Every structure is written in structure tokens, then in C-alpha cells.
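A quick note: this is a predicted structure, and the numbers were derived from the prediction, not measured. Within every chain, numbering begins at 1; the chains are lettered A, B, ... in the order of the sequence lines, protein sequences first and strands thereafter.
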Number of protein chains: 2
Amino acid sequence: MLQDMPTLTDVAKLAGVSEITVSRVVRNKGPIADATRTRVLSAIEKLGYVPNRAAGSLASSGSQLMGVLLPSLSNIVFPEVLRGIHSALASTGYQPLIGVTDYDLKTEQGIVSSLLAWQPAAIIMTGFDHTDATRRMLANSRVRVAELMDIDADPIDIAVGLSHRRAGFDAGRHLISRGYRRFGYVGHDWDADRRARLRYEGLCTALAEAGLTLEAEQRFAGPSSTIAGRDTLAAMMAKNPTIDVAVFSNDDMAVGGFFYCLTAGIAVKEKLALFGFNGLDIGQSLPMPLSTVRSNRFLIGKIAVEKLLESGERPTEKQIIDTGYEIVAGATA
Amino acid sequence: MLQDMPTLTDVAKLAGVSEITVSRVVRNKGPIADATRTRVLSAIEKLGYVPNRAAGSLASSGSQLMGVLLPSLSNIVFPEVLRGIHSALASTGYQPLIGVTDYDLKTEQGIVSSLLAWQPAAIIMTGFDHTDATRRMLANSRVRVAELMDIDADPIDIAVGLSHRRAGFDAGRHLISRGYRRFGYVGHDWDADRRARLRYEGLCTALAEAGLTLEAEQRFAGPSSTIAGRDTLAAMMAKNPTIDVAVFSNDDMAVGGFFYCLTAGIAVKEKLALFGFNGLDIGQSLPMPLSTVRSNRFLIGKIAVEKLLESGERPTEKQIIDTGYEIVAGATA
DNA sequence: CTGTTAGCGCGTTCAG
DNA sequence: CTGAACGCGCTAACAG
């Protein structure tokens with residue numbers, strides 16, 4: 001696509017050195033006399049030389065690319081992870097090559113295959129659910145794999161995230177300790193969102209240990225959103241007006257729940273407590289800061305990249321990195 | 001990085017054909033007898049062959065990559081554009097190679113250079129501000145360039161977006177026609193956000209034509225956010241309690257303003273009207289839907305890709321595509 | 001419809 | 001500290 005861009009050869013001729021010397025200067029590799037380096041650099045400058053990565057990649061059978069698979073871009077959480085990935089990549093010369101799976105394992109498989117075609121240094125994926133074919137392709141390649149967000153299962157190489165089951169459990173314990181007893185759960189479609197389900201299970205376990213159960217439960221049959229949260233809480237309250245706390249599948253849903261309470265004139269916390277998950281900015285900027293669990297999305301992306309780049313080799317031992325979470329007391333519960 | 005993955009040659013041997021035939025089957029190019037195709041495909045399947053894109057790219061001096069430069073991932077607007085880009089790319093076999101500039105032109109220049117090194121089919125950028133070096137690199141390459149979001153200046157090849165100046169102007173006219181006269185403006189740092197400034201200028205023009213001026217103006221010295229909107233409106237109201245409408249630099253800021261009114265007990269619309277820009281979901285899910293201007297972020301990304309892929313050549317004529325905007329009456333103004 | 005020939009631009013040897 | 005030769009895996013251009 002570039003029209004006779006200058007090549008290594010052109011630079012080498014102009015600088016009066018061999019191609020490999022130019023190559024070494026460009027990659028900062030091997031010993032180079034200062035004088036030669038200067039000469040080469042000025043030739044590069046003069047010609048506006050830009051190395052051809054495809055050629056480099058072919059010759060070295062490797063690349064400065066990092067494959068990144070995200071389930072969705074609609075949920076703010078994933079752009080935040082991407083931001084963390086990008087921040088760690090920025091100083092390294094690696095570029096993210098991204099794909100979006102729409103929570104579909106077959107789509108994921110296709111994307112993994114096209115990413116692998118670029119011989120990336122590593123691949124970052126979300127979650128532990130993959131097709132057998134995906135696993136096989138990954139195993140046959142030498143690329144390191146990080147699986148993000150979740151650490152409640154066995155990773156391929158590296159897992160970076162938090163235990164959603166424990167987060168749900170701790171949220172439950174926290175709310176019980178604050179005196180809440182009549183629990184309602186407001187969720188979204190969790191066939192796609194395995195982690196929301198893990199949190200739900202953790203919550204139920206905590207309730208069971210305290211001799212409690214969910215008194216109400218309402219799930220929206222689509223992705224999470226503020227509007228879904230608002231309407232789903234409305235539906236639940238219509239059926240079960242006596243609950244004293246609503247636990248939401250995440251902050252988006254909970255913020256919608258807050259808006260519902262505002263409209264319906266329900267006193268938040270006194271009459272109905274609200275609890276979310278994620279610790280999004282929007283929840284914390286509400287007139288009453290949302291009670292929630294803060295996950296560290298940015299950090300997850302950042303650490304994943306750092307671990308992946310730590311060694312050039314596929315790690316011999318599986319590694320699980322817990323980025324933790326934090327109960328945010330807030331004002332709504 | 002792949003450990004002796006099978007190559008075209010391996011497939012060709014197994015299928016008993018020449019390499020080029022396999023290549024043609026893989027790329028769906030040129031006439032192939034059905035029998036041959038079947039044979040080749042089953043060989044590919046059997047070996048788990050994955051084409052090496054670097055080699056393909058080198059041989060054809062082109063790639064199925066599309067460079068995407070975004071100023072930021074923190075502002076929800078850009079992930080939405082990326083979503084549009086991705087949706088249009090999904091069916092084409094192209095992959096987005098992304099870079100984030102942090103609103104810095106020198107950073108942008110560096111990223112353009114590394115993107116160009118992959119010989120992408122096209123590059124998508126944001127806005128019209130680039131360094132001279134960036135412009136030169138782009139001009140020397142044969143890649144098509146789309147500049148998104150804005151159409152208030154002269155594009156390199158294609159511009160896709162809306163006139164922010166007109167949007168600001170129309171917002172002003174709209175509010176004047178609703179009877180508002182005492183205008184306040186709540187903004188964020190616009191050195192980075194040229195478009196927010198264009199909207200501001202449009203607004204001021206509309207006011208001037210009606211013989212009005214801004215009675216108050218408060219700008220937060222950082223990026224836009226809900227919290228910034230809340231606090232900046234608070235600061236403005238402390239100084240100028242008599243304004244009857246606050247125009248915000250965008251919806252994030254306006255939602256924060258709404259929260260401020262809630263806390264301060266200010267009757268929204270009766271005492272103080274609020275007006276945003278973007279038409280984000282969060283604004284529309286407020287107890288009172290936010291009055292704002294809807295921009296079509298998803299569409300901007302999608303159309304950019306479609307136009308870029310329309311022809312394989314650099315367009316001879318510059319093209320400006322207006323994706324328009326829409327005043328959303330809402331309930332806050 | 002299929003095959004042959006000849007590189008694409010670079011990095012990896014291995015020598016000096 | 002520098003260089004020569006070779007090949008990475010694929011595709012363009014031309015045959016047949």
C-alpha cells in the first residue's frame with residue numbers, strides 16, 4: 001500500500017553501510033559504533049524511512065503485536081480494561097490488535113485464528129470459556145495467553161482478575177452485617193455474563209450461611225444497562241414491595257435502580273437499600289454515592305500486559321494474579 | 001512465535017496441487033474447480049493450517065489491517081465510535097489496529113508511523129489537527145484516510161461527522177425559542193477538545209444574533225466527567241444564581257449538573273434548565289430525560305469504514321459526509 | 001482452470 | 001564492531 005517507500009537497502013546505501021547495520025540501529029540491537037549510528041540515523045531521517053513490519057515479522061517469525069479479545073465494547077468495563085492494556089503497552093512498542101467476540105465462542109475462535117495469523121507476542125482474552133478448537137490453536141502456538149477478569153477457574157497460562165464468587169459472598173456478608181434481611185436480586189442476562197452469575201452464587205451462599213434466602217429475584221433478558229436496571233427494579237417492587245435491599249448484577253443496573261427510586265419516591269436506604277458491582281464513576285457521582293464493590297479494571301489490563309511481557313517464553317507454570325476488590329460502603333446501603 | 005505451523009507448501013503437498021492453487025482457495029480468488037477446492041479445504045482442515053499474514057502482506061504489499069487512532073478511551077464516545085468501526089469491519093476480514101493519542105499530536109505522529117509500518121488498507125483518525133510530519137507521512141503513503149467526528153474543516157481524504165458549530169448554534173436557537181434568556185455555560189478543558197469549543201462558538205453566535213450574551217461561564221480545567229459537571233455547575237451557581245439555563249459541554253457534564261440540582265434542591269427546568277450534548281443513554285435514563293443534541297457516534301464509525309472500503313484506491317476527490325444530529329427535547333429544558 | 005518463476009524487505013546465521 | 005548469504009511464507013505476473 002505504500003508507494004515505493006524507502007527500504008533498508010536505500011538507507012544502507014545512503015549511509016554507506018550494509019543493510020544489517022541499519023537493521024541493528026533500527027532495532028537497537030547489537031554493538032554499533034556511535035559514529036555509524038549517527039550516520040545511519042541521519043540517513044533514516046533524510047529518507048523518511050519506516051521499517052516494514054511485515055517483512056520483519058516474516059524474517060523473525062514474531063511480531064510486536066498483542067492480540068486483544070474483548071467480549072463487547074458496549075459495556076464500559078471493557079474499554080477500561082483496554083485502557084489499562086494500552087497504558088502498559090504504550091512504552092513498549094507493542095501495538096494492540098483487537099477483536100470483539102460479542103460473547104460468542106465461535107466468533108472468538110475465528111478471531112483467535114486471524115490474530116494468530118499475525119504471530120502476535122501474546123494474546124489477551126476474557127474469561128475461561130473457549131471452544132476446544134480455540135484451545136487447540138492456542139496450545140499449538142507458542143503465544144502466551146492471559147485470561148482476564150476472573151480467577152475462579154483454571155487458566156491456560158495466566159489469569160488476572162478477581163474472584164467474583166468471593167466478591168458476591170463478601171457483598172452478602174457486608175449487607176447482612178448492616179442489618180439487611182429481606183434481599184432482592186436484580187440481574188441481567190447471565191448466559192453471556194458468567195461472572196455476574198458467580199457473584200450471584202456467592203451472594204446466595206452468604207445468605208444461606210446466615211439462614212436467609214433471596215425473597216425476590218428479577219432478571220432482565222438482555223445486556224445490563226441503566227434503563228434495564230430501572231425497569232427491572234420497578235417490576236420486582238411491583239411484585240415484592242417488602243424487600244429491604246436490592247442487590248444488582250452491576251453498577252449500571254444499580255444506577256437505574258436509583259433513578260427508579262427517585263421517580264417512585266422511595267427513600268433509598270431507609271426504605272430500600274441499593275447495592276451494585278464495579279465501582280463505576282457514575283455510581284460514585286450520584287447524589288448518594290452508590291454502595292458497591294470496586295473492581296480494578298484498569299489494573300487488570302495493565303498487569304496482564306506486564307506479566308505477559310515479563311518473559312519472552314511461554315510460562316512453565318500457570319499463574320493466577322488476584323487484583324482484588326474492595327467493598328465501597330457508599331450511602332445507598 | 002508459532003512452532004512449525006504448517007505452511008502453504010505443506011497443504012499443497014497433501015492436496016497434491018501447487019502452492020498458488022492453495023493460495024487462491026484460501027483467498028477465494030481466481031477460478032478454482034470445485035473438486036480441487038474441496039481437496040484443498042480438507043487438507044487445510046486436516047493440518048490446521050493458518051495462513052501467515054505477515055508473509056502475505058509482504059508479498060502483496062498490503063494488509064487486511066485498518067489503523068484506528070482514537071484520542072482517548074476514557075470518554076465513552078470513542079468506544080462507541082470504535083463499536084461502529086468494528087461492526088462494519090466484522091464481515092470483511094479486516095482487523096482494527098488501534099492506537100490512542102491522548103490528544104497529543106506528537107503521540108499521534110508516532111502512532112501513525114508505526115501503523116504505516118504494517119501497510120494498513122486505511123487509517124481512521126479523529127479531528128483535523130495533525131503535525132506537518134504526520135501529514136507528510138500520510139501523503140507519501142497510499143493509504144486512504146478518514147477523519148472522524150467533525151466536518152468543520154478541510155479533510156485529507158474523507159471526513160465523517162457533524163458540524164459542531166452548527167449543532168451549538170441550533171442548540172442556542174432551540175433554547176431561545178423555548179423562552180430562555182439568561183444563559184450560563186459549563187464546560188471542560190477545550191484545548192484538547194476542539195469540538196466542544198466549536199459548539200461553544202456556535203452557541204455564542206446564536207445568542208449574539210438574538211441580542212443576548214452568556215451571563216455566566218465556568219470551565220473545569222480537566223477532562224469532562226459527571227463529577228466535574230456537578231462541581232462546576234455548583235461553582236457557577238454560587239457566583240451567578242440568576243441564570244435560567246445551563247448549557248453543558250456534553251452529557252457527562254450535564255448529568256453531573258442534574259445531580260447537583262437534586263442535591264441542592266434546585267427544581268430542574270422550572271428554576272434552572274439543563275442542556276447537554278451527545279444523547280448518551282445515561283442522560284436519557286435520568287428521572288427527567290436530559291435535553292440534548294444526539295450525535296451518531298456508532299454511525300460515524302460505521303460509515304467511515306464503509307466509505308473507506310468502497311474503493312481500493314485513494315479517492316481523487318475529498319469527501320465530506322454529514323451524519324447529522326438531532327435536538328432531543330427531553331425534560332430538563 | 002492450474003502451474004512456474006521470481007521476488008517482497010527484513011533478520012538470522014556465521015564469518016571476519 | 002561489521003558484513004554476506006540465505007530464506008522466512010506468500011503472491012503477482014505471466015504462461016499454459
Side-chain angles (χ1 to χ4, degrees), chain A residues 1-40 43-44 47-65 114 116-119 121 141-142 312, chain B residues 1-40 43-44 47-65 114 116-119 121 141-142 312:
Chain A
M1 274 303 151
L2 311 183
Q3 52 190 0
D4 42 87
M5 292 291 279
T7 71
L8 260 196
T9 318
D10 299 319
V11 177
K13 275 187 195 137
L14 183 58
V17 297
S18 73
E19 301 180 21
I20 186 60
T21 302
V22 179
S23 171
R24 281 178 183 134
V25 170
V26 170
R27 286 175 300 143
N28 257 317
K29 202 175 179 183
I32 296 285
D34 276 350
T36 336
R37 162 175 289 114
T38 316
R39 215 140 34 89
V40 169
I44 288 177
L47 294 174
Y49 168 70
V50 175
N52 180 328
R53 301 279 188 166
S57 183
L58 179 58
S60 67
S61 40
S63 83
Q64 298 264 84
L65 292 175
S114 32
L116 248 20
W118 288 105
Q119 315 201 151
S141 77
R142 203 178 290 148
Chain B
M1 274 301 152
L2 312 183
Q3 51 192 1
D4 40 88
M5 293 291 278
T7 72
L8 260 197
T9 318
D10 301 319
V11 178
K13 275 188 194 133
L14 182 58
V17 296
S18 73
E19 300 180 22
I20 188 65
T21 302
V22 178
S23 173
R24 283 177 181 132
V25 171
V26 169
R27 287 176 300 146
N28 255 317
K29 203 175 179 183
I32 296 284
D34 276 349
T36 331
R37 160 174 288 112
T38 317
R39 212 138 38 86
V40 170
I44 287 177
L47 293 174
Y49 168 71
V50 175
N52 181 327
R53 301 278 190 169
S57 183
L58 180 58
S60 66
S61 38
S63 81
Q64 297 266 82
L65 253 24
S114 30
L116 249 19
W118 289 106
Q119 316 202 146
S141 77
R142 203 179 288 146

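Atom NZ in B/Lys29 sits about 17 Å away from atom C1' in C/dG3, given to the nearest Å.
At C/dC10, none of the side-chain N or O atoms of A/Arg53 fall inside 4.0 Å of OP1 or OP2 (strictly under the cut-off). Phosphate contact (OP1/OP2 of C/dT2, side-chain N/O of B/Arg37, threshold under 4.0 Å): absent. Within the structure, every side-chain polar atom (N or O) of B/Ser23 is placed at least 4.0 Å from both OP1 and OP2 of D/dC10.
Qualifying side chain to side chain contact (heavy atoms under 4.5 Å, CB included) partners for A/Ala43, counting only residues two or more places apart in sequence or in other chains: A/Val11, A/Leu14, A/Ala15. Looking at residues two or more places apart in sequence or on another chain, you find a side chain to side chain donor-acceptor pair (under 3.5 Å) between A/Thr21 and A/Ser18. For B/Arg27, the salt bridge (charged side-chain N to carboxylate O under 4.0 Å, His left out) criterion is met by no residue, not counting sequence neighbours.
For the pair B/Ser23 (side chain) and B/Glu19 (backbone), a donor-acceptor distance under 3.5 Å is absent. The backbone N or O of A/Ser57 lies less than 3.5 Å from no partner atom in the side chain of A/Ser63, so there is not a single donor-acceptor pair.
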Using residues 31-38 of chain B as the side-chain source, report each donor-acceptor pair under 3.5 Å to any protein atom, sequence neighbours left out, with the distance given to one decimal.
from: B/Thr36; atom 1: OG1; to: B/Ala33; atom 2: O; distance (Å): 3.4
from: B/Thr38; atom 1: OG1; to: B/Asp34; atom 2: O; distance (Å): 2.6

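Counting all heavy atoms, side chain and backbone alike, A/Leu65 lies closest to B/Trp118 at CG-CZ2, 3.6 Å. In terms of heavy atoms, B/Ala55 sits closest to A/Leu58 at CB-CD1, 3.6 Å.
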What nitrogen or oxygen pairs link the protein and nucleotides 6-9 of chain D at under 3.5 Å?
from: D/dC8; atom 1: O2; to: A/Ala59; atom 2: N; distance (Å): 3.4
from: D/dG9; atom 1: N2; to: B/Ala55; atom 2: O; distance (Å): 3.3

Check: protein-nucleotides 2-4 of chain D nitrogen or oxygen pairs below 3.5 Å:
from: D/dT2; atom 1: OP1; to: A/Thr36; atom 2: OG1; distance (Å): 2.5
from: D/dT2; atom 1: OP2; to: A/Ala33; atom 2: N; distance (Å): 2.9
from: D/dG3; atom 1: OP2; to: A/Ser18; atom 2: N; distance (Å): 3.1
from: D/dG3; atom 1: OP2; to: A/Ser18; atom 2: OG; distance (Å): 3.0
from: D/dG3; atom 1: OP2; to: A/Thr21; atom 2: OG1; distance (Å): 2.6
from: D/dG3; atom 1: N7; to: A/Arg24; atom 2: NH1; distance (Å): 3.3
from: D/dG3; atom 1: O6; to: A/Arg24; atom 2: NH2; distance (Å): 2.7

